[in-house]
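A short write-up of the structure that comes next.
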Amino acid sequence: MNSKRDYYEILGVGRDATDQELKSAYRKLAMQNHPDRNPESKDEATEKFKEITEAYGVLADAQRRAAYDRFGHAGVGSSAASAGPDLSSSIFADFGDIFGDLFGFGDIFGQGSRRGGSQRGADLRYEMEIAFEEAARGMDSKIKIPRWDTCAECNGRGARRGSQPSTCPACGGVGQLRRQQGFFTLSQTCPQCRGAGQIVRDPCPECKGEGRVRDEKVLGVRIPAGVEDGMRLRVSGEGEAGAKGGPAGDLYVIIRVREHPFFERHGSDLYCTIPISLAQAALGAEIKVPLLSGSEKLRIPEGTQPGTVFRMRGLGVANLESRGQGDLYVKVQVLIPNRLTREQRHYLETLAPSLRVENKPVPRRAQENVRDSFG
Ligand SMILES: [Zn+2]
Ligand SMILES: [Zn+2]
């Protein structure tokens with residue numbers, strides 16, 4: 001009677017097994033010994049399955065495992081006894097994930113059973129492509145989404161106006177059918193009413209008893225300034241209508257931002273590269289930098305080196321969180337003419353002796369600085 005086997009032995013793990021080791025040992029054994037997989041030796045498999053399930057039920061619970069480690073079966077006696085033929089549903093709640101993917105019957109333990117058949121509507125996903133400038137500035141837009149909407153004719157009840165849905169005779173209005181199999185109680189969605197618990201004998205002509213109709217809804221959506229590519233905006237309650245009076249799902253607008261011909265964006269900062277001439281770099285100049293709208297002057301000081309980055313404060317994109325404004329970084333690229341006129345050649349040749357530099361390798365640290373500038 002009291003010759004119960006050691007729980008660790010049953011699962012074939014050491015006393016120091018981790019939760020993960022316990023779980024995988026249990027999964028493996030549960031798979032091998034599941035009664036449904038052993039039709040020839042069903043009773044034996046059922047016993048075995050009960051045994052490993054009981055062992056795992058105790059060892060997977062840190063508190064009960066500690067008690068078992070100290071006092072053996074006596075330490076978990078009462079609960080272990082009740083973990084016998086009618087395994088408590090709370091144990092199975094933890095097991096839901098294991099069984100769910102092992103055997104594909106998560107419904108067995110009552111998860112996924114719905115009362116009265118009302119069902120939340122599905123979330124909708126809408127991809128919205130916007131221009132780079134629109135993302136920076138923000139915009140109001142209208143989107144058209146095809147979706148299920150609550151039927152206005154029957155208010156979502158599915159029954160013809162003036163008539164009442166009647167209680168499903170198969171399940172008595174519960175929406176679920178239960179049957180005993182071994183030590184499990186299987187519950188399954190009632191096939192007659194498909195879980196609704198009610199049967200519409202006189203269906204609404206508009207929605208044919210579905211309670212919802214296919215519709216196209218035009219929604220105004222405000223895109224805040226500073227959105228970025230891939231962001232998701234949730235519009236609560238604008239997804240599909242629920243079935244049989246359930247709540248509506250949500251609408252997710254996924255933002256896709258088109259690329260800009262010359263601006264690059266990181267967060268709220270903008271980056272671009274502007275070429276300047278040899279003379280502008282050496283003598284200094286004032287150039288016009290294009291912005292997302294309009295332009296701004298930028299002073300290039302004399303003696304500007306190729307690759308120098310200028311920061312133009314506050315000329316980036318709105319920051320969604322801080323509500324501040326990012327900066328614009330302009331990198332100058334000094335263009336060396338690849339073809340000189342006879343006159344240019346003459347002047348440069350005249351200048352050349354006074355512009356002589358020592359053609360010696362640059363120290364490594366100085367090289368890194370050059371690479372640090374963006375690009
Ligand atoms: Zn209707
Ligand atoms: Zn039913």
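Sequential numbering from 1 along the given sequence is applied to the chain's residues. Atoms within a ligand are numbered from 1 in the order they appear, just like the ligands themselves.
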For I52 and F49, the nearest pair of non-hydrogen atoms, with its separation, is CG1-O, 3.2 Å
Taking the six-membered ring for Trp, are Y68 and Y8 parallel (under 30°), tilted (30 to 60°) or perpendicular (over 60°)? tilted
Metal site the Zn ion (ligand 1), protein N/O/S atoms found under 2.8 Å: 4
Sole residue of V221, V227, I223 in side-chain contact (heavy atoms from CB on, under 4.5 Å) with M139: I223
Mind checking whether Y26 and Y56 have parallel, tilted or perpendicular rings, split at 30° and 60°? parallel
Search all heavy atoms of G158 against all heavy atoms of V200 and return the closest pair with its distance. O-CG1, 3.3 Å
Minimum heavy-atom separation for E302 to A282, with atom names? CB-O, 3.4 Å
For G172 and T167, the nearest pair of non-hydrogen atoms, with its separation, is C-CG2, 3.6 Å
Take atom OH in Y347; do more than 12 heavy atoms of anything else shown fall under 6.0 Å from it? no
Using the six-membered ring wherever Trp is involved, compare the ring planes of H260 and F262 and label them parallel, tilted or perpendicular (cut-offs 30° and 60°). perpendicular
Neighbouring protein N, O or S atoms of the Zn ion (ligand 2) [cut-off: under 2.8 Å, no waters]: C168 SG, C171 SG, C190 SG, C193 SG
